[in-house]
Amino acid sequence: MEVTFFWFRRDLRLSDNTALFHALSENQHVIPLFIFDANIIEELPKDDARISFIYKQLHAINEELKKVESSLLVLKGNPKEVWQQLFTEYPVKNIYFNKDYEPYAITRDKEITALAKTNNVAVFSFKDQVIFEENDILKDDGSPYTIYTPYKNKWLKAFSSSLCEAKKSENYLTNLANKHFEFPSLAALGFKLSSIKVKPYSLANLKNYEAERNFPATDNTSYLSPHLRFGTVSIRNIVKNSLEKRPVFLSELIWRAFFMQILFHFPYVVNKSFKAKYDNINWRNNKDEFALWCEGKTGYPIVDAGMRQLNETGYMHNRVRMVVASFLCKHLLIDWRWGEAYFAKKLLDYDLAANNGNWQWAAGTGCDAAPYFRVFNPYEQVKKFDPDLTYITTWVKDLNELTYPAPIVEHKFARERAIATYKKGLEKA
């Protein structure tokens, strides 16, 4: 009996899942599959919180599938080798999956599609994690936008409510194959449960989002980003709920799409500055100072609070992310790629496009970035956004102790040094 595979990736949900909807509504005997990609997970610590979150979500999906006499096939390995094995074990007719726009994923999916073709297997891919794909919102001359505001305006102009219609994949679960796969333990996959948890998201927190979003102590955020990253929630549902009630929050969602299309059209940004002339900056890259930044021991309370929050919880408030990133690049003159890589290890919501885009924005090297001579004053940021030190004292317990370090560098000196270093690097270009 021929089977169709649905391949879960960044879409860990049964409801409103585009490729799953098409797989189930167009076929019977559909086997749902998730592959722990060895190319990615072998670089992670055994107790990586994101793996624990993925595992928990897969387990919940499997429990739902049991109710319709089916189950989830969970495998681990190099995706190409896994698929080669599946083609020998099953009479595979089709593979369905939702598109991923990151460079590694694009290469992987091309390989799997080519392999499927040699095995006479049809492959169908769908838009799911975005409202508009990489070539949907372009300038009139067909080139990609590199400035956010005109991109956003075109996005809003092109938008229609029909783009948010739910794909009711949950209505077709009876077309799944009646197969009962053993669900592996976390230990069998080579991991252990993390003590760091992904919080449930809530849009209810966003009532005063515009007024309060820059104040880390209010914690008035949705905690949505890890859920969008791993697709435990549909972007269509979130946009639909944000259109009229939360225009500022919607703008943040459009930033996410903007950075995704930047990464797609300019994949070199993974390793290089979007603006090539910024690759001439002579970074100091002091390893000891970088270690102090990572540990939250710079002597700048707002920076240290952010880094300690990140290390303990996998989260950091968005305003604070800007402050700590600017501090690393401008005050310490450490290459933005070092900070980007550290965030990639620690952030629960790590997303290559957004992380890269935001780090390059803070460093002044990216598209539509803050100008190089704009250097955040951490003390002024505290006065504006944490005047009562509520956020800082939550995370910096030793603020008033003798153990708390003196500032790693004096602000005025660091600012002048940064501007001079950037200016000199840009003159070389």
Expected output: side-chain [X] to main-chain [Y] donor-acceptor under 3.5 Å:
X    : Y    : result
Y315 : K199 : yes
D11  : G231 : no
R321 : M316 : yes
E63  : A60  : no
S125 : K99  : no
D279 : S273 : yes
R9   : N98  : yes

Side chains of [X] and [Y]: is there a donor and an acceptor less than 3.5 Å apart?
X    : Y    : answer
E81  : Q85  : no
Q261 : Y101 : no
R374 : S326 : no
N39  : Y104 : yes
Q57  : T232 : no

Does the separation of the ring centres of F327 and Y300 fall below 6.0 angstrom? yes
Looking at F181 versus F183, is the centre-to-centre ring distance below 6.0 Å?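 Centroid distance F181-F183: not below 6.0 Å, so no.
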Carboxylate-amine/guanidinium proximity below 4.0 Å for R13 and D128: yes
Does D37 pair with K80 as a salt bridge, N-O distance under 4.0 Å?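 Here D37 does not pair with K80 in a salt bridge, since their nearest N and O are not under 4.0 Å apart.
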Name of the residue among K152, R246, R213 meeting salt bridge (charged side-chain N to carboxylate O under 4.0 Å, His left out) with E252: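 Among K152, R246, R213, the one that satisfies the salt bridge (charged side-chain N to carboxylate O under 4.0 Å, His left out) with E252 is R213.
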Taking the six-membered ring of Y350 as reference, does the NZ or CZ atom of K345 fall below 6.0 Å from its centre and within a 45° cone about the axis?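 No, a cation-pi geometry is absent between K345 and Y350.
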